Colleague: 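Please find one structure pasted underneath; my questions will follow.
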Amino acid sequence: MIRTRIRELLVTTPGQDLVQAAGWIRTRRDSKGGFSFLEINDGSCFANLQVIADQGLANYASDIRRLHPGASVRVQGRLMASAGAGQAVELHATEVQVLGFCDPESYPLGKQRIHFDRLRELAHLRARTNAFGAMARVRNVLADEIHRFFQARDFLYLHAPVITANDCEGAGAMFQVTTLDLARVPRTAMGAVDYDQDFFGRRASLTVSGQLEGETYACALGDIYTFGPTFRAENSNTRRHLAEFWMIEPEMAFADLQDDAALAEALLKHTFAAVLRRCPDDLAFFEQRLQPGLLARLERLATSTFRTITYTEAVELLTKANRTFEFAPQWGMDLQSEHERYLTEEVFQGPLTVINYPRAIKAFYMRRNDDERTVAAMDVLLPEVGEIIGGSQREERLEVLERAIRDRGLDPATYNWYLDLRRFGSVPHAGFGLGFERLVQFCTGLHNIRDAIPYPRAPRTCEY
RNA sequence: UCCGGCGUAGCGCAGUGGUAGCGCAGGUGGCUGUUAACCACUUGGUCGCAGGUUCGAAUCCUGCCGCCGGAGCCA
């Protein structure tokens, strides 16, 4: 007999047919009436299946009374309407097969509540908790819906390389990839590391962004998106940063900043609506245990219109704000976290798109605006989470782009292939990067981004 | 990396110089179509590590390690 997922059993009409469920024990309650209640969870949904295991079962005393949270079982029986409150149906077992016992003395997860901090030290077991089961299901739905969103709009899913030789992509520190023997690094005559002897014959790193590669395909196929792992070797120790995270980077040819912002808004609203529709039980858990108001906020945002202001307007709002900031807002300085939070959490109380940032504080590839002072950049800011999307219209004018590279002390020769896009049939194009874990964070209310990914990588954190 | 906080039983915590405690979990017994079950009894600790002050340190001092929060970097 094939096992049926609990998600399906819970909405099945009671009947005389034998069905089979399999999963892990969450709790066992014994009745002196001569039977036990087993609650089992198989990860297919948030809810558990209540199993009635009667003393008439051959292994009742020998096995069933020894079941503890974490033990794995396969149960055969008949679905009946439940006499108790809390569940519509329950499984009256005709056979309970114990697949693996779980010693309660040494098993770290019991019935008691465990803090997220502690669970990070149990990354291999935390998937068995309510919170991480819910996180994993929400994460899965969000990933699926991102693909659905883009595929429905005829965006091509592009697999950007994970290993790259672009060591100056504008973003932060990179993880080096090498097969050299670090105990005996080969040197050139000048004493430098001889990368000619390395695997790729040159210095290589893990990607910090698929954008440049994305642009090359957008400038051939029109609309593309990437969705893959991204690596930043920054020594960031915050609840919003990971050393390894997943990023979605759409790139559209024949598009400007307004098209870019519209796409970002549509994508976010699509994911909010989808997760509300597909993960009601998981979100209800997060609403109840982590963040009251989560559901109402997602529902509101799914149908709202995002506000857009320019960077200059943002600075004006901050300057006029009836409060003091640790860092006084000033045109030309990047917005501080406290500024972004004030704008999203107090002024607009919702998502906010800020466009047209000062040239000097943004990357070289962003398109220079006619005012010469700003570039066609945008950040989408969310309450609590902060910057979830960063994007821009790309500079398509060869001379302007070359000058921007030189202005930053970079060598245009390094970007030769990138500049080729502007030499040969250049077109206006735009795109952005969406931090996937920050989206998961926002949709779940999880406080720390390290709980929004199965195995977080961060400074000094790579045990599992 | 900087600033702040915290490391005491498997987990969550109290204990601010004088014999290490509580709740939960676990075990045993009782009770019950139960559902964070309940009641009684009970097992369990090198107080993060190293040094120092003191008759005496979980407690005070110094250093180190780890974790969390805030900041910076950004998605």
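It should be emphasised that the depicted structure is a prediction, and the values quoted were computed from it without experimental measurement. Each chain gets a letter, A, B and so on, in the order its sequence line appears, and its residues count up from 1.
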Colleague: Which letters describe nucleotides 34-49 of chain B, given B = protein heavy atom under 4.0 Å from base, S = only from sugar-phosphate, - = neither?
Modeller: BB-S------------

Colleague: Can you label the angle between the A:Tyr357 ring and the A:Tyr311 ring as parallel, tilted or perpendicular, going by 30° and 60°?
Modeller: tilted

Colleague: Give me the ring orientation class for A:Phe46 and A:Phe285: parallel if the planes are under 30° apart, tilted from 30 to 60°, perpendicular past 60°.
Modeller: tilted

Colleague: Tell me which of A:Pro69 and A:Phe327 sits closer to the 5' end of RNA chain B, going by the nucleotide each one is nearest to.
Modeller: A:Pro69

Colleague: When the nearest nucleotide of RNA chain B is assigned to A:Pro459 and to A:Arg438 on a heavy-atom basis, which residue is associated with the more 5' position?
Modeller: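 Nearest nucleotide further toward 5': that of A:Pro459.
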
Colleague: Verify the contact: side-chain N or O of A:His68 to OP1 or OP2 of B:G27, cut-off strictly under 4.0 Å; return yes or no.
Modeller: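 It does, given that an N or O in the side chain of A:His68 lies less than 4.0 Å from OP1 or OP2 of B:G27.
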
Colleague: Does a side-chain N or O of A:Arg450 approach OP1 or OP2 of B:C68 to a distance below 4.0 Å, or not?
Modeller: yes

Colleague: Tell me whether the side-chain N/O atoms of A:Arg232 come closer than 4.0 Å to OP1 or OP2 in B:C74.
Modeller: no

Colleague: In the strands shown, is B:C60 matched to any nucleotide by a Watson-Crick or G-U wobble pair with both distances under 3.5 Å, and which?
Modeller: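 Because both required distances fall under 3.5 Å, B:C60 counts as paired with B:G52.
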
Colleague: So, is A:Arg240 near the phosphate of B:A71, with a side-chain N or O under 4.0 Å from OP1 or OP2?
Modeller: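 Checking A:Arg240 against B:A71: at least one side-chain N or O falls below 4.0 Å of OP1 or OP2.
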
Colleague: Quick check: closest heavy atoms across A:Leu125 and A:Pro108, and the distance to 0.1 Å?
Modeller: CD1-CG, 3.7 Å

Colleague: Can you tell me how far the CG atom of A:Leu79 sits from the OG1 atom of A:Thr13, to the nearest 0.5 Å?
Modeller: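 Taking CG in A:Leu79 and OG1 in A:Thr13, the distance rounds to 9.0 Å.
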
Colleague: Whether A:Gln336 contacts B:G72 is assessed here as follows: a side-chain N or O lying under 4.0 Å from the phosphate OP1 or OP2. Is that the case?
Modeller: yes

Colleague: Please state the P separation for the pair B:C60 and B:C24 - nearest whole angstrom.
Modeller: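 Their P atoms lie roughly 29 Å apart.
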
Colleague: Establish, yes or no, whether the cationic atom of A:Arg153 lies under 6.0 Å from the six-membered ring centre of A:Phe149 and within 45° of the ring axis.
Modeller: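 A:Arg153 over A:Phe149 ring: yes.
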
Colleague: Which residues pass the side-chain contact (heavy atoms from CB on, under 4.5 Å) test with A:Leu156, not counting sequence neighbours?
Modeller: A:Leu158, A:Leu221, A:Ile224

Colleague: In whole Å, what is the span from the CG atom of A:Leu67 to the P atom of B:G26?
Modeller: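 Value for this atom pair: 13 Å.
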
Colleague: Is the shortest side-chain N/O distance from A:Arg460 to OP1 or OP2 of B:G66 below 4.0 Å?
Modeller: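 It does, given that an N or O in the side chain of A:Arg460 lies less than 4.0 Å from OP1 or OP2 of B:G66.
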
